[in-house]
Amino acid sequence: ASTCPEIGYFLTATTSGFEDISQSGTPLPIGPGAIGDDSGVPAVPIGFPFGFYDAVHNTVGVSPNGYLSFGPTLNDPRPDPIPSSPSPNDIIAPRWNNTRRFIVQWTGVPQFGLADANTFQAVLFEADGAIEFRYLTVTPPRFKGDVVIGVENADGSRGTSVPTSQMLDGS
């Protein structure tokens, strides 16, 4: 397991299965044919206060590029190493008890330049601030740095990166 003791985030296998919300969730106007291929939706209500690093948030921005952000940048298509100071920062990047949870699902999203269809989720838990990344179907990275998974604080100085080998279909 990979740990980040100063904030309590750590890498562990999850026993939760993929919870398909494509029929029950609220669609957002992002991606091709919507408000722009790389445009995101800011300030989506989470439904409960969610603690992340040094702040508590009630909303999160959703990027069509496979990450959530508590900051303003929702249109960056290039994955940066985690942690790093260039924007976007303050992110949850999944390509991430029985209480309320906030699920964002990317359904059938192609990687840039490919005709594949990736379906994955980020799940935020109210009770303990846990974050899960869940994958239904994903294309393996083409090269090192092609896909980034992890979380990062507001100024890009702290974060936890997850090896892409942990990104397994159906987990």
Side-chain angles (χ1 to χ4, degrees), residues 1-2 9-42 44-47 50 52 57 59-71 73-83 88-96 100-126 129-152 159-171:
S2 173
Y9 289 109
F10 58 93
L11 171 63
T12 184
T14 179
T15 57
S16 303
F18 190 84
E19 194 174 342
D20 189 355
I21 62 166
S22 60
Q23 301 301 310
S24 62
T26 303
L28 297 176
I30 59 176
I35 59 176
D37 184 33
D38 284 327
S39 298
V41 177
V44 175
I46 297 172
F50 184 77
F52 186 69
H57 304 276
T59 63
V60 66
V62 179
S63 170
N65 296 305
Y67 64 89
L68 306 176
S69 181
F70 298 108
T73 304
L74 297 171
N75 63 348
D76 191 339
R78 295 163 315 198
D80 297 322
I82 292 178
N89 294 311
D90 219 7
I91 63 170
I92 297 172
R95 205 342 346 204
W96 47 72
R100 292 192 297 178
R101 63 202 180 286
F102 177 76
I103 302 174
V104 174
Q105 180 171 312
W106 291 263
T107 303
V109 179
Q111 274 190 102
F112 180 76
L114 295 179
D116 59 349
N118 299 279
T119 300
F120 53 98
Q121 300 175 329
V123 183
L124 313 182
F125 290 86
E126 177 181 24
I131 301 165
E132 286 184 3
F133 300 152
R134 299 176 182 171
Y135 304 92
L136 185 60
T137 54
V138 290
T139 301
R142 295 173 289 179
F143 51 86
K144 184 179 173 81
D146 184 35
V147 172
V148 170
I149 304 170
V151 297
E152 178 179 270
T160 299
S161 186
V162 179
T164 57
S165 61
Q166 298 297 311
M167 181 180 58
L168 304 172
D169 286 0
S171 65

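Of all heavy-atom pairs between V62 and W106, the closest is CG1-CZ2, 4.2 Å. Nearest heavy-atom pair across E19 and Q105 is O-OE1, 3.8 Å. Minimum interatomic distance between I131 and F50 (heavy atoms only, all atoms of both residues): CG1-CZ, 3.7 Å. The shortest heavy-atom contact between T137 and A117 is OG1-O, 3.5 Å. Contact record, N75 with N65: C-ND2, 3.8 Å, taken as the closest heavy-atom pair. Summarising the geometry of P79 relative to D146, their closest heavy-atom pair is CG-O, 3.3 Å, with the distance given to 0.1 Å.
Two residues are said to be in side-chain contact when any heavy atoms from C-beta on lie closer than 4.5 Å; D76 and S63 fail this criterion. Put simply, the side chain of L74 does not reach to within 4.5 Å of the side chain of V41, judged on heavy atoms. D80 places a side-chain heavy atom less than 4.5 Å from the side chain of P88. Residues V44 and T59 form no side-chain contact, since every pair of their non-hydrogen atoms from C-beta on lies 4.5 Å or further apart.
For the atom pair CZ of R134 and CD1 of I103, the computed distance is 5.5 Å after rounding to the nearest 0.5 Å. Taking CD from Q121 and OG1 from T107, the interatomic distance works out to 8.0 Å, rounded to the nearest 0.5 Å. The NE2 atom of H57 sits 10.5 Å away from the CG atom of L124 when rounded to the nearest 0.5 Å. Here the straight-line distance linking atom CG of N89 with atom CD1 of I82 works out to 9.5 Å at 0.5 Å rounding.
Distance alone, capped at 3.5 Å, is enough to place a donor-acceptor pair between the N118 side chain and the V109 backbone. The closest donor-acceptor contact from the side chain of T160 to the backbone of G150 lies at 3.5 Å or more, if one exists at all. Panel note: side chain D116, backbone Q111; a donor-acceptor pair is recorded below 3.5 Å.
With V60 as reference, L68 is the one residue of D90, I91, L68 to meet the side chain to side chain contact (heavy atoms under 4.5 Å, CB included) rule.
Ring planes of F70 and F52: tilted class, angle from 30 to 60°.
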